[in-house]
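To start, the structure under review is shown below, and the notes come after it.
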Amino acid sequence: MNELNFTVLGRRGVGKTTLITSMYVQTVNCLSGTGMSLHADLATSTQLTQKLKQLERIADETKAIVNTGGIAGTSDQRDYLFHLGPNGGRRELAIRFTDYPGGWLENIEKQNQVVQIAAKADVILVPIDTPPLMEKSGRYHVAVNVPTLIRDFLQEIQNVSDPDRPRLVIFAPIRCEKQVSCEEEANCLLEKVRDEYSTTYQGLNANTAVVITPIQTVGCLHFSFFRKQVGDDDNPIMVFKKQPTNGKYAPVNCDQPMRYLLRFLLKQHNNTKNGGLFHWLTFGFFSDVRYNVAANTLASGCKDGKEGFEVVQGRHLL
Amino acid sequence: MSQRSDQISQIIAKRKPLAEKIAGINKQLDSVRSGLLDLQRAIESVEAVSELGSETSFGTLLGKIEKAISDVASRKAELARLHARFSRRTLNIGVVGRARNGKSRLLQSLTGLSSREIPDGSGDHCTGARSVVLHRAGEQFADVHFHDEDSFLTQIISPYYTRLRLGSVPKTIRDFANSVIPPLPNDVTERIAGSKYDHLAGYQKHFNEYSKWLQTSSPKRISHDEIRPFVAQDESDGSRTYRNYIAVDHVAIYCEFPNRDVENVSVVDMPGLGDTGVGDEERLIKALAEEIDWVLFVRMPRTQGDNVVGDEDLYLYDTAASALSDALPIELWSTMVINKTTDSSKQGDNSQNCQLMINKLKTSRIKVTELSEVDCSDGRAVNNFLLDPVLNYLNKNLQGLDERYAGYCQKRVRGLSVEIDAIIKEAKNTISLGKVSADEFELFTKLFRETYANLVIGLQELLDVRRDVRDQPDDLFREKVKSVIDEASDAALPARIDIERQIKISNGYDTAYEHFLTLKRTELSRRFLEIDGSLKKAFQDVQTEISRVISTEGRIPESLFGPDKIKFLANIRDYLVENLPQLSSLIEGFDLVAEFRIDYRGMVQHRIRKQLDRLDPKSSQKPQLSQNPDVDEIMGRIEQTYRESLSDIEDALNEMEAEPSLAIFAFVEEFFDRVFRAGNTEQEWSLFLHRIRADVWPQQFDQLAENSNLQQRVLSVTQALESDADPSRLTFV
């Protein structure tokens, strides 16, 4: 069985683990009724269930405000394996999500390892911490989101990859509950991401599709304020407030990356009839009309041109 | 006390307040005098630097000032005499006469004293010292008033040296006693100079006989028996010669007058006009002017052929008349006593000549109030026919005489005001002649053009700099905002224990929550007031910059408008308003400094109001508590609301951080427009700088500066003088 590789390019504490947990939860939910389902392997499932409980507890117990930190991150490289397939049938499509400690991004001894992981990935998700980008005129953006480092990584990843290989890069503003509370604000966010990252994605080749997907990983926690850390002016603690006061863990749009992933795969399948490089992947799966329709249904749920979502490059690949 | 005596007392009492007023006027004249001296010096200084060559106008003016100074001295002397008159505690009757005319006999008859106290020896000048006899019931005594060494030297000895031209007067009385008196110059014109020289020599020769009294303190109280050795030149029988009298100024003898109706009356023996004494005339005049209310001239016609009014009579009369001269003509306050002698007297009956003398006197230029023929040795006759009429007359007329005398002095003092007023006018005219010469105008024009150009360029550069940064954050404002935000961020939030307490006090979570919101809101609101200082400072900084350009490029000196650069512009404005109000465009320009406002309330407050309102318990933006709140939630919500509010305020303030720069640029631009572009500002600058040119270009206009200072000095001196010499301040009747 062949796999689709998926990884995340983000610093420590940017919320990768929370992101994966919420993506999983929401994707599972949105597949109901499509005849398809997503399963994690046993180890992944066990771990994600634990993370989910933690998230629900934090959301539940918070009465007013809570500091960032969320749930504990990853201490070593590890893979999460998901299978997408018909209900009760064979698991046709394997999705391997490779996680690694965020600290590696800025650790020169580990940076190459990150490049290797990402170079294998068909889909790379770049989480962007929204409050540092949008609040205080973006005062903390550079220090927290290291946009230049991200640009250099993506460039390096492209350099070591096959130039003909299609790839999907998702820029995902996360923790943006406050900033997408209305369409106008969501547009501001989109514009800001474009401003800050256009040089980054314009430097990627024509075989790379780029999409911006703001996602709310918890739902009921809105950014409130930065609390300065003594001795570290650049990295304040972000404080979130519970809103509404009786809110629960309710992630929003965390299914979107998976929908774009499917849309991307489907397009590759259709474009190249034989699946091109993804032949191994799509030959069996999308040839079955039932799954093709289900995948199409899911892919058509991709948000684009609203709520801060936009395909900014490589639309022909989607 | 009789009615007449009582009335005389009243007249004397009325004099006292006037005497005080006169003393005041006399002091005022001292101020006038020093004012005139100041003016004299000030005018001399102006004259010294004047290029006007108007010696004539300065010369006349200085002459007039000189005269005024001397007039003030005369008025002071007159007032001193008037003051002496009004300060007297008694009515004084002076007896004037040449030797051997019965003066002493008349004194004896008036006072009841004998030759023991009032010598009437037959020798020449048997009376050596003057007496003042005062009525006193009860104990009888006399007070001897001696000269001291100084007064003896200046009043007695010094006149001889001057009149006989003996060179410089000895410095002390010892010098006089121990040195040889210079010989009498050959060409001295003084009458009977030789006898007078001998008289002076006598003072030296007998120095040891009287000198001890010059060191005796006055008065020396003695009994009537001891009087004669102090007033007479010898014993009545000629057995002894005395020299004590030389040291005596006068002797005040207290005795009971035979006429009881003479309380408050003294009888004064006036210095005689001797042949050989020098200074007798002056002493007589002085004594009459200062001490006497009524003069009794005593003249005893000799039995044989003495019935004409002779030169000596006229000389004595004229001398006495000059005492008060026009102030109070002597004919209003004198009696000519024709001393009638009888057969029983030493010289026999002179009644025939008395009558002839009286007839002659009536047609002579000797004018007196009364002509009285009386036997001076007849006490009763003297009191009844001489003293009583005099006292009656005085009782009726003394007040009128006083008024006339005072009025005369007053008129003369007022004359000073007129005289000085004219001098002041002339002084002002004379100094204002300093006109701008053509050369100076040319020089000023050249200097002004250069300076004005520099000033415009300097301010234009300042304006350009401010224009360049008008969109940039004002550093001061930004720093202040940052520090206030930092302080507010670090400020403590309510502790758990405080919240728990408040929940108990206010009996509820919501009220406690609202309580702390209000508290933090007030605190935050107050913190931001501090920004006011940075805004004001930013404005002060630009004022300082403008002031610097004006004082360096425009050369407008700190000496005129102060070293404080912030007050500098306001001071210029005040100067213009006061001194050059016609320069309206410039004044408007400088007005702007006072009008311009940049402060917290105008610029900041309204912008952060919305953000602060989030902390208002009544605000809808306020986060609601959950249905089951706890202390943690309250703590969290307070911090959340406080910090969000603070964060929004920070954003709002950061957005406006360029506004102070913009406002200040607008100020500089408007200031520039008003003082350089409006109306005929260049001409106004020219007039302004011309007025202060001596300070702006001190080297070039140095002389002018000095002149201007000197003129200023003259003006201020005249101002003081004008006030001192105001008629209202020189009036006493």
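Just so you know, these numbers come straight off a predicted model, no measurement behind them.
- Enclosure of atom CZ in Arg467(B) by more than 12 non-hydrogen atoms of other residues, nucleotides or ligands within 6.0 angstrom is indicated.
- Under the 4.0 Å criterion applied to side-chain N and carboxylate O atoms, Lys241(A) and Glu644(B) are assigned as salt-bridge partners.
- For Asp490(B) and Lys228(A), the salt-bridge test fails: no basic side-chain N is under 4.0 Å from an acidic carboxylate O.
- Counting only heavy atoms from C-beta outward, the side chains of Arg139(A) and Asn654(B) approach each other to under 4.5 Å.
- Looking at Leu625(B), only its backbone comes within 4.5 Å of chain A, counting heavy atoms on both sides.
- In this structure, Arg501(B) places its CZ atom where only 12 or fewer heavy-atom neighbours from other residues, nucleotides or ligands lie under 6.0 Å away.
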side-chain contact (heavy atoms from CB on, under 4.5 Å) between Thr245(A) and Arg637(B), intermediate numbers included: CA-CA 11 Å; Thr245(A) 45; Arg637(B) 287 297 180 203; 3.2 Å; yes
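- Within 6.0 Å of atom CD in Gln627(B), 12 or fewer heavy atoms from other residues, nucleotides or ligands are found, so the atom counts as exposed in its surroundings.
- Ser626(B) contributes atom OG, which lies 8.0 Å from atom NZ of Lys242(A) (distance to the nearest 0.5 angstrom).
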Intermediate values then yes/no, side-chain hydrogen bond (donor to acceptor under 3.5 Å, both in side chains), Gln640(B) and Ser224(A): CA-CA 6 Å; Gln640(B) 172 209 329; Ser224(A) 177; 4.6 Å; no
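- Heavy atoms from other residues, nucleotides or ligands lying under 6.0 Å from CD of Glu184(A) number 12 at most.
- Sparse packing is recorded around CZ of Arg601(B), with 12 or fewer heavy atoms of other residues, nucleotides or ligands lying under 6.0 Å away.
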Test side-chain contact (heavy atoms from CB on, under 4.5 Å) applied to Phe225(A) and Glu639(B), step by step: CA-CA 9 Å; Phe225(A) 58 90; Glu639(B) 178 169 14; 3.5 Å; yes
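- Other residues, nucleotides and ligands contribute over 12 non-hydrogen atoms within 6.0 Å of the CG atom of Asp232(A).
- Arg609(B) CZ: 12 or fewer foreign heavy atoms inside a 6.0 Å radius.
- Judged purely by atom type and a 3.5 angstrom limit, Lys136(A) uses its side chain to pair as donor or acceptor with the backbone of Ser647(B).
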